[in-house]
Amino acid sequence: MKLAAAVRDRWPPVHIIITTGKVRPLKIPANALFVPKPYVCQAVVLAMRTFENMG
């Protein structure tokens, strides 16, 4: 989470997908998406398409 927050602060245009096999973090950086493990392929693709549509 610290790395994601640092990336968001330094490079705001970078898209971030947070993932963990544990409980979803209560706070994630602005405009970041969460995909839980184990991955469902369609969830990962949907996250990437969401970013693609954001321009």
Side-chain angles (χ1 to χ4, degrees):
M1 293 308 305
K2 288 181 183 180
L3 175 59
V7 170
R8 172 61 62 228
D9 291 344
R10 183 150 181 169
W11 300 285
V14 171
H15 301 301
I16 298 172
I17 297 175
I18 304 291
T19 187
T20 182
K22 299 179 181 181
V23 178
R24 183 188 193 281
L26 295 175
K27 289 184 173 183
I28 61 173
N31 299 321
L33 298 176
F34 177 75
V35 176
K37 290 180 184 178
Y39 302 119
V40 174
C41 184
Q42 289 179 326
V44 176
V45 171
L46 180 61
M48 291 187 288
R49 285 188 176 148
T50 297
F51 288 135
E52 183 178 74
N53 292 331
M54 292 171 70

Worksheet item: Under the side-chain contact (heavy atoms from CB on, under 4.5 Å) test, which residues partner P36, sequence neighbours left out?
Response: F34

Discussion item. Suppose we screen for side-chain contact (heavy atoms from CB on, under 4.5 Å). Which residues come up paired with V35, at least two apart in sequence or across chains?
Written reply: I17, Y39, A43, V44, A47

Worksheet, complete the sentence: Rounded to the nearest 0.5 angstrom, the NE2-CD distance for H15 and E52 is 9.5 Å

Acceptor/donor pairs from residues 2-10 side chains to any protein atom, 3.5 angstrom cut, sequence neighbours excluded:
{"from": "R8", "atom 1": "NE", "to": "A30", "atom 2": "O", "distance (Å)": "2.8"}
{"from": "R8", "atom 1": "NH1", "to": "P12", "atom 2": "O", "distance (Å)": "2.5"}
{"from": "R8", "atom 1": "NH1", "to": "V14", "atom 2": "O", "distance (Å)": "3.0"}
{"from": "R8", "atom 1": "NH2", "to": "V14", "atom 2": "O", "distance (Å)": "3.3"}
{"from": "R8", "atom 1": "NH2", "to": "A30", "atom 2": "O", "distance (Å)": "3.2"}

Item to complete: Identify the heavy atoms of M1 and P29 that sit nearest to each other, and give their distance.
Response: CE-CD, 3.9 Å

Worksheet item: Taking all non-hydrogen atoms of both residues, which atom of I16 and which atom of I18 are closest, and how far apart?
Response: CG2-CD1, 3.7 Å

